[in-house]
Amino acid sequence: MKIIWSISENDVRKVKEVINDNQNAFLKIRKDRNVDRNNLLINEDSVIRTLLMCLLTSQQRSGPNSLVGQFLRRSLFPVTYQSIQQTENVDTFVKKVLIDNDLTRYINRISRFFASNINKFQNNQWSIVLQLRELLNVDSKYEERKYADKLVRELDGIGPKQARNFLQALGLTRYEIPIDSRITNWLNEFGFPVSLSSSPLGDKGYYHFVSDGIQELCEKAEVYPCLLDAAIFSSYDNDGWTEQNAVF
């Protein structure tokens, strides 16, 4: 069986409209990083920081002025490859860092998942860095999905949304986006052919279905899904994004 997506000119207009209405710093940085791929840095430190970002933002608010946002924008980020190499217990170390920054929601779960994944990276001699670098020259929605699904299978505490968030924050994806309640709410108002809910997005098949619809819509509108995602995401924050606070 195959789904046939029927996309009208009015649908295309709505996509272009939300992008035009949200020409802010968040969208500008997304284009610069994910579409143009300017000055991308993929190393152990960027992987560590992005992994922690994904685990934190899956559990709590991450708007421009949130505690999570302020923590992730720290110029001297406290969780680094060097600091991890020097600690005997990654779980305890990260837990203390989060407590020191008033990020205590689901702290035990977050620190446990983080430590488990760091252990996997270390056991594989940080081969994930080389794998991610291979995506720098890829412009394929199929390869993006393939690698995102691989992350879901191999990492703890990382579901379909977090896997896309991880890759998108590193600048490595243009087509696969992190779908959450903001996106599903917008799609429902937009007139998506079926009523969507964010709760089933942990299921790979459901996630692929919604993502397929978004990608078909963006292809017709001639925009990358990562830009539509940035426009929708930032539209809920009342123009709160600036060059200074739009790190991720």
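Given the structure is predicted, the values throughout are model-derived calculations rather than measurements.
- At most 12 heavy atoms of other shown residues, nucleotides or ligands fall within 6.0 angstrom of atom CG in N39.
- A chain of hydrophobic side-chain contacts below 4.5 Å, direct or via other Ile, Leu, Val, Met, Phe, Trp or Tyr residues, connects V194 to W5.
- A donor-acceptor contact closer than 3.5 angstrom is absent between the side chains of S235 and N22.
- Taking 4.5 Å as the limit, some side-chain heavy atom of L187 sits within range of a side-chain heavy atom of I214.
- Proximity of the aromatic rings of W186 and Y236 is defined here by a centroid distance below 6.0 angstrom, and this criterion is not met.
- Between the side chain of N34 and the backbone N or O of T173, at least one donor-acceptor pair lies under 3.5 Å.
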- Applying side-chain contact (heavy atoms from CB on, under 4.5 Å), run through K95 and I99 and close with a yes or a no. CA-CA 6 Å; K95 194 176 296 181; I99 290 172; 4.3 Å; yes

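- The number of heavy atoms from other shown groups lying within 6.0 Å of NZ (K150) is above 12.
- Counting heavy atoms from C-beta on, the side chains of R145 and D212 come closer than 4.5 Å.
- One finds a salt bridge joining D229 and R30 here, because a Lys/Arg side-chain nitrogen approaches an Asp/Glu carboxylate oxygen to under 4.0 Å.
- Residues S181 and T184 bring no donor and acceptor atom of their side chains to less than 3.5 Å of each other.
- Residues Y175 and D139 have side chains that bring a donor and an acceptor to within less than 3.5 angstrom of each other.
- Residues K28 and Q23 have side chains that never bring a donor and an acceptor to within less than 3.5 angstrom of each other.
- A salt bridge links D156 to K120: one of the charged nitrogens lies within less than 4.0 Å of a carboxylate oxygen.
- Pairing each heavy atom of N165 with each of P178, the nearest pair is N-CB, 3.9 Å.
- Of the inter-residue distances, the one linking D36 atom CG with R174 atom CZ reads 8.0 Å to the nearest 0.5 angstrom.
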- Message: Walk me through whether R37 and L40 qualify under side-chain contact (heavy atoms from CB on, under 4.5 Å).
- Response: CA-CA 6 Å; R37 290 183 172 165; L40 295 187; 3.8 Å; yes

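- With contacts defined as side-chain heavy-atom distances shorter than 4.5 Å, the pair V97/F71 qualifies.
- Between E44 and F121, the closest side-chain pair of non-hydrogen atoms is not below 4.5 Å.
- From K161, atom NZ reaches atom CD1 of I177 across 11.5 Å, with rounding to the nearest 0.5 Å.
- Nearest heavy-atom pair, I118 versus W126, reported as atom, atom and distance to 0.1 Å: CD1-CH2, 3.9 Å.
- V68 has its side chain within reach of L72: a pair of non-hydrogen atoms, C-beta onward, lies under 4.5 Å apart.
- Residues L27 and A230 share a closest heavy-atom pair of CD1-CB, 3.7 Å.
- No donor-acceptor pair closer than 3.5 Å links the side chain of Y81 to the backbone N or O of S46.
- Side-chain N/O atoms of Y147 and Q131 include a donor and acceptor closer than 3.5 Å.
- Residue I48 forms a side-chain contact (heavy atoms from CB on, under 4.5 Å) with just one option from N117, V94, N43, I84, and that option is I84.
- Checking side-chain atoms of D11 against main-chain N and O of S8 turns up a donor-acceptor pair under 3.5 Å.
- In this structure, L56 and F114 have side chains that are not in contact, with every pair of non-hydrogen atoms separated by 4.5 Å or more.
- Q168 and E176 are not linked by any side-chain donor-acceptor pair at a separation below 3.5 angstrom, with hydrogens and angles left out of the test.
- A donor-acceptor pair under 3.5 Å is formed between the side chain of T57 and the backbone N or O of M53.
- Heavy atoms only, all atoms of each residue included: V152 and R164 are closest at CG2-NH1, 4.5 Å.
- With a 6.0 Å radius and a threshold of 12 heavy atoms from other residues, nucleotides or ligands, K220 has its NZ atom at or below the threshold.
- Counting heavy atoms from C-beta on, the side chains of L172 and F166 never come closer than 4.5 Å.
- We find the CZ-CZ distance between R182 and F233 to be 4.0 Å, quoted to the nearest 0.5 Å.
- Between the side chain of E216 and the backbone N or O of G213 there is no donor-acceptor pair closer than 3.5 Å.
- Inter-residue side-chain proximity for I158 and L51 is flagged as met; some heavy-atom pair is nearer than 4.5 Å.
- Residues C218 and P225 approach most closely at SG-CA, 3.6 Å, considering heavy atoms.
- Residues R13 and N10 bring a donor and an acceptor atom of their side chains to less than 3.5 Å of each other.
- Within 6.0 Å of CD on Q82 lie no more than 12 heavy atoms contributed by other residues, nucleotides or ligands.
- Distance alone, capped at 3.5 Å, is enough to place a donor-acceptor pair between the R133 side chain and the I42 backbone.
- Using modelled atom types, no side-chain atom of Q162 and backbone atom of L55 make a donor-acceptor pair closer than 3.5 Å.
- R33 places no side-chain N or O within 3.5 Å of a backbone atom of N38 that could act as its donor or acceptor partner.
- In this model, a donor atom of one side chain and an acceptor atom of the other lie less than 3.5 Å apart for Q215 and S211.
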- Query: When you look at Y224 and K31, which way does the side-chain contact (heavy atoms from CB on, under 4.5 Å) test go after all the steps?
  - Reply: CA-CA 9 Å; Y224 282 111; K31 181 180 183 300; over 6 Å; no

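- In this structure, E222 places its CD atom where only 12 or fewer heavy-atom neighbours from other residues, nucleotides or ligands lie under 6.0 Å away.
- Between the side chain of N119 and the main chain of A115, no donor-acceptor pair closer than 3.5 Å is present.
- Counting only distance, with no hydrogens or angles, the side chain of T80 and the backbone of S83 share a donor-acceptor pair below 3.5 Å.
- At a cut-off of 3.5 Å, with distance as the only test, no side-chain donor of D180 or S198 sits close to an acceptor on the other residue.
- Under the 3.5 Å distance criterion, with hydrogens and angles disregarded, no donor-acceptor pair is assigned to the side chains of N124 and S127.
- Considering L151, D149, L155 in turn, D149 is the only one that fulfils the side-chain contact (heavy atoms from CB on, under 4.5 Å) rule with R153.
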- Stepwise side-chain contact (heavy atoms from CB on, under 4.5 Å) test for Q70 and N101: CA-CA 9 Å; Q70 294 173 33; N101 287 273; over 6 Å; no

